[in-house]
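I have placed the structure first, in the form of structure tokens, so that the comments after it can refer back to it.
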2 protein chains.
Amino acid sequence: MTGSETRPGRQRILDAAAAMFLERGFRETSLRDVAADVGIKAGSLYYHFGSKDEMLAAVFRRGMEIMQAAFDEADLAGSGEPAEQRFHRHVRAHLAALYENGPYTAAHVTSFRLAPPVVRDEILPARDAYEARWTALLERLVADGDLDPAVSIPVLRLTLFGAMNASVEWFDPGRGDLDTVASALARQVWSGVAAGPVRPSDVNTHEHPPGAGR
Amino acid sequence: MTGSETRPGRQRILDAAAAMFLERGFRETSLRDVAADVGIKAGSLYYHFGSKDEMLAAVFRRGMEIMQAAFDEADLAGSGEPAEQRFHRHVRAHLAALYENGPYTAAHVTSFRLAPPVVRDEILPARDAYEARWTALLERLVADGDLDPAVSIPVLRLTLFGAMNASVEWFDPGRGDLDTVASALARQVWSGVAAGPVRPSDVNTHEHPPGAGR
DNA sequence: CAACCTACCTAACGGCCGTTAGGCCCACAA
DNA sequence: TTGTGGGCCTAACGGCCGTTAGGTAGGTTG
């Protein structure tokens, strides 16, 4: 599902770059670091990429592709389901995109803010398109009478994104279970956290947090 | 030109540094930039600070002080209030800390992730202390029967922080109203977003999103 | 065989960075 | 008047950075 022109060496470099951009940051990762990680020299990177910015843009694009694919899949699988389940499915899909298929999506989320303006501008349309799909999803939920019309959809989308994306700073996919987090987050957002005077479905007995680690 | 012009040297430098760390990032802000902003030369900064890292640590410390003070105030003012109001008050206080008293808190939130390990380690205890206060707050709400015991407090705290802190990327305090955002967010988290079959208190007539601007 | 292409290397260039040493100016105290 | 020290400047240092030019080994193709 990658682009058609991806060469073998190029993919390895991109993997390493995305991983290092994610955990160290774009600016604090040198091309010599990336090159050493894949066992070549810095200058050789320029056979595959025109510049460091171009590498970052490639990481961002791949990240967006993964997110879009995840949304697609959730859209298809949840087409006939009740609203809450569909919502939960999309939350899980977004979180899964952050931790599966490599560090591209997570790197996108963490590095976009400080990315060079040229790179930001190039990727912005793709980001807007993804946001628009979420907006459309939430608007349909309102239209169907499943989501409270008093809720501001922009604020909901932005804070939901904030909550989901912030997980890259505390969730460790190796130590925690993604489904647990996704369920907890989706239920929290959907039903709120207040103790209802009457709350029938208390079957779940979750207690503590999944992915620890700082 | 970010710095104001009448305060003593160190404070003015810190203001400028915090503002630039916030909007450009720590690594991509040079000391020559900071110095130029306050009208001096780069070398002169070393009369006030021992290193660039020390400047960042000072920004972080000030950011934490502001957050702690905001929490204090909310704690005092909300001591006798019902749970939902107290929760809302603390959400508002945290958001206010991000946008009042200068860019220190916001800079802390955005720059901490990529801060040099030495700086991170120095500031971590203060961050943990602030987190602990929120955990205690939420635990009391559960103990008082106001917050759903099935909700995972760590996940709630982390996602709530994520939602609130992410606002620095879309909320413009000059264009939007903080109270509106705080109310929307607090209500969203507290009561959820699902359209209840019966939802009594629909007195509020909020409309659309506050701070736009990309 | 020769020609060519792919994937890398070596070596260096200019530039910006954090940081430092030493000097200068001026308000103010004695 | 002569210190004294706070606040800033100049000039430079070494270092790491992104980037480039030119070269080379090995495989493929005619």
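Model, not experiment: these values are computed from the prediction. Chain A is the first sequence line, chain B the second, and so forth, proteins listed ahead of strands; every chain is numbered from 1.
- The CD1-P distance, from A/I40 to C/dT6, rounds to 17 Å in whole Å.
- For the pair B/D146 and B/R140, the salt-bridge criterion is not met [side-chain N within less than 4.0 Å of a carboxylate O].
- Residue pairs meeting the salt bridge (charged side-chain N to carboxylate O under 4.0 Å, His left out) criterion with at least one partner in residues 96-106 of chain A, sequence neighbours excluded, are A/R92-A/E100.
- For the pair B/T29 (side chain) and B/M20 (backbone), a donor-acceptor distance under 3.5 Å is present.
- Ranked by how close their nearest DNA chain D nucleotide is to the 5' end, A/G43 and A/D33 are led by A/D33.
- Contacts of A/S44 with the nucleic acid, taken as non-hydrogen atoms under 4.0 Å apart, include base atoms.
- Position along DNA chain C of the nearest nucleotide to A/R27 versus A/G39 favours A/G39 as the more 5'-ward residue.
- Atom CG of A/L45 is separated from atom C1' of C/dC8 by 11 Å (rounded to the nearest Å).
- Considering A/L124, A/V119, A/N165 in turn, A/L124 is the only one that fulfils the side chain to side chain contact (heavy atoms under 4.5 Å, CB included) rule with A/F112.
- Sequence neighbours left out, not one pair with a member in residues 38-54 of chain A passes salt bridge (charged side-chain N to carboxylate O under 4.0 Å, His left out).
- Under a 4.0 Å N-O distance rule, the pair A/D75/A/R86 does not qualify as a salt bridge.
- Between the P atom of C/dC8 and the OH atom of A/Y47 lies a distance of 8 Å, rounded to the nearest Å.
- Boundaries of the chain B contact region on DNA chain D are D/dG6 to D/dA12, first to last in 5' to 3' order (nucleotide atom under 4.0 Å from a heavy atom).
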